[in-house]
There are 2 protein chains.
Amino acid sequence: MLNKAEKNRNQIVNAASKLFYRQGYEYTSFTDIASESGIPRGNFYYYFKTKEDILDAVIGTRKDNFRKLLDSWNTEFATPLERLHRSLNMLKNSEPEVIRYGCPMGTLNTELGKADHPHRDDARAMFDLFRNWLVEQFQALGRDDADQLAMHLLARTQGITVIAHTYRDPEFIHREAERLHQWLDSLVADYQQ
Amino acid sequence: MLNKAEKNRNQIVNAASKLFYRQGYEYTSFTDIASESGIPRGNFYYYFKTKEDILDAVIGTRKDNFRKLLDSWNTEFATPLERLHRSLNMLKNSEPEVIRYGCPMGTLNTELGKADHPHRDDARAMFDLFRNWLVEQFQALGRDDADQLAMHLLARTQGITVIAHTYRDPEFIHREAERLHQWLDSLVADYQQ
DNA sequence: GTCTATATGTAGATAGAC
DNA sequence: GTCTATCTACATATAGAC
């Protein structure tokens, strides 16, 4: 049960997260967040000292949500291969948003990495969650090059989102996702030989 | 031979291009461009009406330079396979900059694509240059899926730059570039069977 | 806790002397 | 063509009444 203050705070963070994703952090103003959340500009400073503090909270909730998602896959699927396939389905499941706005993790890291922003490392930590989870799955498959495979898969998925976003091409996502599913299966086939 | 006005204009565009790459378009101010180029802020408006006009010129010169590079490969290498391998070497050749700032084409497209910027399409045209050139090479290899292969290669290289930039990992670039060289060779091996 | 009014800085852009 | 001084708008941030 949330009290009113917590509810307001969440509204601000959710509106900010949505807008940071759709417009980018720098392009999003307090005025934008105010109209999206319905909470007056001036009130933000009761909940957050600075815009960066909002960014901090946004990254925090995104990490929480992603961690829960990864945990749910661990529970739901018995084998690492099934889990990995499930993780690839993220591409298809969020296809419309990816086409319009790119990858929420990737684009934020690109923006903050360029500017050498104080929150660059926090943004990267979103990737770390996925990277570490991938390493666990590849290790469970018995691969001793688990980290390299994890990085490779990360890069493949990021590349797909960048190009799909640039060209607004949904079909490309599906085609490349299929390639990745096949790549996963071929890894296991190699291993079983 | 350039007159003084043309020289000044070039200095502005070159400074802007460098800063848009290193900091992003939105993070770069006229003050930044002034101190980088040595030309006073106020003078910009003699050469350009708006900041967007500078962006336009920056994209234009980047496209010109890239076109020349692609043409030089066409001249220098006899076979499409050699040309494709040469294009992959861009990753290694510009490794230090990619680590720090990402891909100049990719990150600009990501920024302008998010904001639905008026210059989104112009930025994408930089990718089109490379994409069309890749299609020509794959067609010359006799592939009827040339465009899909071109898009695939584009995505692979973009993914590598995003992850290498995020993790500031030079070794990753070299490892993944090597994978791509192998992938190219495997394509030709398939074809020759 | 909430809201309005306002401070402060800096962005892009302009005017006009030289 | 070049430069300084300045405008206007809007960004983040603050103060203080309620």
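Note on naming: letters A, B, ... go to the chains in the order of the sequence lines (proteins, then strands), and numbering restarts at 1 for each one. Quick caveat: nothing in here was measured; it's all calculated off a predicted structure.
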(request) Identify, with sequence neighbours excluded, every residue that meets side chain to side chain contact (heavy atoms under 4.5 Å, CB included) alongside E52(A). (result) Y25(A), T50(A), H117(A), P118(A), H119(A)

(message) Checking T79(B) now: which residues fulfil side chain to side chain donor-acceptor pair (under 3.5 Å) with it, not counting sequence neighbours?
(response) E82(B)

(message) Just N and O in the side chain of T50(B): are any of them under 4.0 Å from OP1 or OP2 of dG12(C)?
(response) no

(message) Under 4.0 Å, heavy atoms only, any strand: does Y47(A) hit a base, just the sugar-phosphate, or nothing?
(response) sugar-phosphate

(message) Suppose we screen for side chain to side chain contact (heavy atoms under 4.5 Å, CB included). Which residues come up paired with Q182(B), at least two apart in sequence or across chains?
(response) E178(B)

(request) List in numerical order all residues of residues 11-25 of chain A for which some heavy atom is under 4.0 Å away from an atom belonging to DNA chain D. (result) none

(message) Rounded to whole Å, please give me the gap between OH in Y46(B) and P in dG12(C).
(response) 22 Å

(request) Can you sort out the partners of R86(A) under salt bridge (Lys or Arg N to Asp or Glu O under 4.0 Å), two or more places apart, ordered by chain and number? (result) none

(message) Output the rounded distance in Å from CZ (F30(B)) to C1' (dA11(C)).
(response) 9 Å

(message) Who clusters with Y21(B)? Use side-chain heavy atoms, under 4.5 angstrom, across I, L, V, M, F, W and Y, and order the result by chain and number.
(response) Y101(B)

(request) Say whether, by atom type as modelled, one donor and one acceptor occur between the side chain of N3(A) and the main chain of E6(A) under 3.5 angstrom. (result) yes

(message) Quick check for you: name the first and last nucleotides of DNA chain D, 5' to 3', having an atom under 4.0 Å from a heavy atom of chain B.
(response) dG1(D) to dT4(D)

(request) Could you name each residue pair satisfying ring-ring contact (aromatic ring centres under 6.0 Å, His included) that touches residues 134-180 of chain A, not counting sequence neighbours? (result) H152(A)-W183(A)

(message) How many whole angstroms separate atom NZ of K51(B) from atom P of dA11(C)?
(response) 9 Å

(request) Output the residues of residues 35-45 of chain B in contact with DNA chain D, where contact means a heavy atom of the residue under 4.0 Å from an atom of the strand; sort by number or write none. (result) P40(B), G42(B), N43(B)

(request) Sequence neighbours left out, what pairs pass ring-ring contact (aromatic ring centres under 6.0 Å, His included) with at least one residue falling in residues 28-62 of chain A? (result) F30(A)-F44(A), F30(A)-Y45(A)

(request) For T110(A), enumerate each residue passing the side chain to side chain donor-acceptor pair (under 3.5 Å) test, keeping only those at least two apart in sequence or located in another chain. (result) none

(message) Please check: side-chain N/O of S87(B) versus main-chain N/O of L84(B), any donor-acceptor pairing under 3.5 Å?
(response) yes

In residues 64-72 of chain A, what donor-acceptor pairs under 3.5 Å come from side-chain atoms, sequence neighbours left out?
{"residue": "N65(A)", "atom": "ND2", "partner": "T61(A)", "partner atom": "O", "Å": "3.3"}
{"residue": "S72(A)", "atom": "OG", "partner": "L69(A)", "partner atom": "O", "Å": "2.6"}

